[in-house]
Amino acid sequence: MSEKHFPEGFLWGGATAANQFEGGWDEGGKGWSVADCARSHLDEDVQDYQKQNETLLKDIEEAVSHPDDLKHYPKRHGSDFYHHYKEDIALLAEMGFKVFRFSIAWSRIYPNGDDAKPNEEGLRFYDAVFAELKKYHIEPLVTISHYEPPLNLAMKYNCWYSRQTIDFFMNFVKTIVDRYIGQVKYWLTFNEVDSMIRHPYTTGGLIRDKFKDQNWEEVIFQSMHHQFVASALATKYIHEKDPKAMVGCMLTKLTYYPYSCRPEDVLEAQQRMRSTYCYSDTQVFGEYPSYLLARFKNHGLHILMTEEDLKIMKAYPVDFISFSYYSSSCVAKNDTGLQTTAGNTMTAIRNPYLSASEWGWQTDPIGLRISLVDLYDRYRKPLFIVENGVGEKEELIKDEHGNMTVNDQGHIDYYRDHFKAMYDAIHEDGVELLGYTSWACIDLVSESTKQMSKRYGFVYVDCDDNGNGTFRRYKKKSFDWYKNVIATNGACILNEK
Ligand code: BGP
């Protein structure tokens with residue numbers, strides 16, 4: 001029997017995001033982003049995003065008055081990719097990466113978001129990043145907006161709640177698309193577009209204090225509408241400028257199982273899945289699904305949409321569906337007395353058949369195959385996994401050759417099982433999967449906890465949760481393992497006895 005492997009041309013790689021990885025937060029003319037005000041809450045349960053929403057204006061004022069404090073604002077230093085990008089991209093090339101997902105920090109290009117002209121020094125940084133990737137023949141996969149809108153847009157315009165932000169966003173899009181035309185084949189407009197509903201500040205720059213006497217759900221969906229229009233306009237512009245380029249939506253693939261076979265629990269799981277599918281449905285089909293419009297009506301939400309908005313959305317749907325998948329969760333109609341655990345920006349019921357990471361996220365490789373089949377059956381468009389991985393607490397050790405490294409066998413085991421599930425989805429279930437970028441290929445600051453100690457990478461970054469360290473990079477045990485997976489296109493694990 002012939003050796004099993006992934007399809008020829010499968011795009012193996014890894015992902016990062018500027019607000020968690022880049023650092024250089026106030027260098028090169030970059031302006032403040034909402035991420036630069038994200039305080040670490042190491043002593044609190046940071047899964048509770050709602051709590052973070054309640055004191056935002058005070059938190060922002062506190063952050064802006066402490067521009068030199070990197071200890072409590074870890075995203076300001078990230079992993080210092082800003083000064084290590086050559087070394088980092090060389091490490092990705094050493095692993096044989098075919099693709100590298102990163103985001104372009106909006107406030108590095110338009111420091112205040114509403115600037116008349118772009119910041120040339122910010123563009124020159126990304127010129128250099130693209131040049132390094134080109135040198136190693138690594139395909140850039142660019143996220144245009146990844147949790148980092150300019151702070152000024154949030155403070156002065158209420159960011160995505162304001163229709164004007166569509167124009168500010170399109171200034172940003174036109175600048176980077178014109179600058180990098182022909183160099184980017186895969187664009188993503190908004191990271192986890194559905195996350196506006198879970199953390200409206202991080203995703204949409206919405207500061208709750210500024211909407212005291214408004215219907216908050218209506219504010220969120222009005223903002224989401226502006227993002228849908230902006231995403232369609234960006235797709236239009238990219239297709240017109242570079243017909244070979246593809247634009248994807250990016251969905252948080254939260255996969256829910258009914259806690260029991262009780263019909264109420266099965267219905268709850270179906271409803272929860274639709275609570276995120278409604279956003280990818282809108283971007284893939286180019287129109288609001290009836291059940292989302294029903295939610296607007298039944299909740300008395302008045303979302304201002306013009307005929308032109310709906311025409312643009314319908315005319316410019318996305319070309320592929322990208323998504324993040326970390327874990328699965330259980331749901332029940334009545335979860336009283338059931339043990340809960342954490343998941344990606346949410347909490348869920350503990351699945352007794354699954355193990356969980358130190359942060360409570362439940363490891364479920366079969367859930368990835370279920371997610372791939374679900375999404376492909378729903379959309380019949382190519383898929384791209386752009387985030388998958390597990391955060392681990394790790395420490396540097398000296399190996400038998402005297403080199404500093406990390407024995408991250410947990411990462412290897414997690415990835416092996418998920419890669420086998422991906423292969424089965426492709427080979428058995430007929431799913432069209434373009435590629436895979438792990439989250440995160442190099443250690444960086446966690447979104448939900450703002451910790452460096454929640455480590456995802458094949459490469460260890462010497463920086464702790466208080467920002468102390470040399471920022472030196474060290475290859476972990478998984479570095480050579482993933483290098484071999486890429487070199488053999490998966491055969492090394494698919495044909496293991
Ligand atoms: C996703 C984000 C990523 C990353 C990832 C891991 O929601 O798109 O930016 O943060 O989650 O989550 P965390 O960093 O909270 O461990």
Side-chain angles (χ1 to χ4, degrees), residues 14-22 33-35 38-42 44-49 52 74-75 78-79 81 100-106 141-149 188-204 248-255 276 279-280 321-329 341-348 356-363 368 371 384-394 410-411 414-415 418 437-457 461 463 465:
T16 61
N19 82 95
Q20 295 164 256
F21 187 54
E22 215 169 77
S33 80
V34 297
R39 187 182 168 86
S40 59
H41 295 265
L42 300 183
E44 288 172 37
D45 168 9
V46 287
Q47 287 301 330
D48 184 353
Y49 271 90
Q52 288 185 10
K75 288 189 163 188
S79 306
F81 176 69
F100 172 49
R101 180 189 176 213
F102 63 101
S103 66
I104 294 181
W106 190 345
L141 193 171
V142 177
T143 313
I144 299 173
S145 180
H146 194 139
Y147 296 165
E148 51 215 351
L188 306 179
T189 48
F190 293 96
N191 182 67
E192 298 188 330
V193 65
D194 54 285
S195 62
M196 177 87 81
I197 196 82
R198 290 188 304 282
H199 41 72
Y201 169 68
T202 304
T203 304
C249 65
M250 198 293 200
L251 175 73
T252 316
K253 186 63 193 74
L254 298 170
T255 298
T276 55
Y279 309 108
S280 41
I321 296 92
S322 76
F323 63 96
S324 57
Y325 173 86
Y326 292 92
S327 59
S328 65
S329 313
T341 188
N344 185 5
T345 67
M346 40 74 85
T347 52
S357 76
E358 292 188 58
W359 281 267
W361 295 21
Q362 301 183 95
T363 295
L368 178 54
S371 302
F384 212 127
I385 298 171
V386 295
E387 290 182 25
N388 172 247
V390 61
E392 304 268 0
K393 278 215 170 65
E394 297 172 339
H411 281 143
Y414 179 97
Y415 285 124
H418 284 76
T437 57
S438 71
W439 183 273
C441 46
I442 297 177
D443 288 352
L444 44 65
V445 174
S446 154
E447 169 51 43
S448 51
T449 68
K450 317 299 181 269
Q451 293 169 302
M452 277 300 292
S453 57
K454 187 176 185 186
R455 296 180 182 277
Y456 285 91
V461 173
C463 173
D465 287 341

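As the structure lists them, so they are numbered: ligands from 1, and atoms in each ligand from 1.
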Out of E447, Q451, R455, who gets a non-hydrogen atom closest to atom 10 (O) of ligand 1?
E447
Are E387 and R101 within salt-bridge range, i.e. N to O under 4.0 Å?
yes
Checking the N or O distance criterion of under 3.5 Å, is ligand 1 in contact with H146?
yes
For Q20, counting its heavy atoms only, list the atoms of ligand 1 lying under 4.0 Å from any of them.
3 (C), 4 (C), 9 (O), 10 (O), 14 (O)
Only heavy atoms count here, so choose which of K454, E387, K450 is nearest to atom 2 (C) of ligand 1.
E387
Ignoring hydrogens and angles, state whether a donor on the side chain of W439 or E447 is under 3.5 Å from an acceptor on the partner side chain.
no
On the 0 to 90° scale, with breaks at 30° and 60°, tag the W361-Y326 ring pair as parallel, tilted or perpendicular.
perpendicular
Please list, in number order, the atoms of ligand 1 under 4.0 Å from a heavy atom of S446.
13 (P), 14 (O), 15 (O), 16 (O)
Taking heavy atoms and a distance under 4.0 Å, where does A17 meet ligand 1: side chain, backbone, both or neither?
neither
Between the side chains of E192 and Y147, is a donor N or O closer than 3.5 angstrom to an acceptor N or O?
yes
Report yes or no: do S453 and D465 form a side-chain donor-acceptor pair below 3.5 Å?
yes
Could you tell me whether ligand 1 has any atom less than 4.0 Å away from a heavy atom of W361?
yes
Atoms of ligand 1 under 4.0 Å from any heavy atom of W439, numbered from 1 in the order shown, are 3 (C), 4 (C), 5 (C), 6 (C), 9 (O)
Note: ligand 1 atoms sitting under 4.0 Å from heavy atoms of S448 are 13 (P), 15 (O)
Mind checking what makes ring-ring contact (aromatic ring centres under 6.0 Å, His included) contact with F323, not counting sequence neighbours?
none
Qualifying residues under side-chain contact (heavy atoms from CB on, under 4.5 Å), relative to P149, sequence neighbours excluded
V34, W106, C159
Using a 3.5 Å cut-off on N or O atoms only, is N191 in polar contact with ligand 1?
yes
Side chains of T252 and D194, donor plus acceptor under 3.5 Å
yes
Quick one: does ligand 1 sit under 4.0 Å from the side chain of F323, the backbone, both or neither, non-hydrogen atoms only?
neither
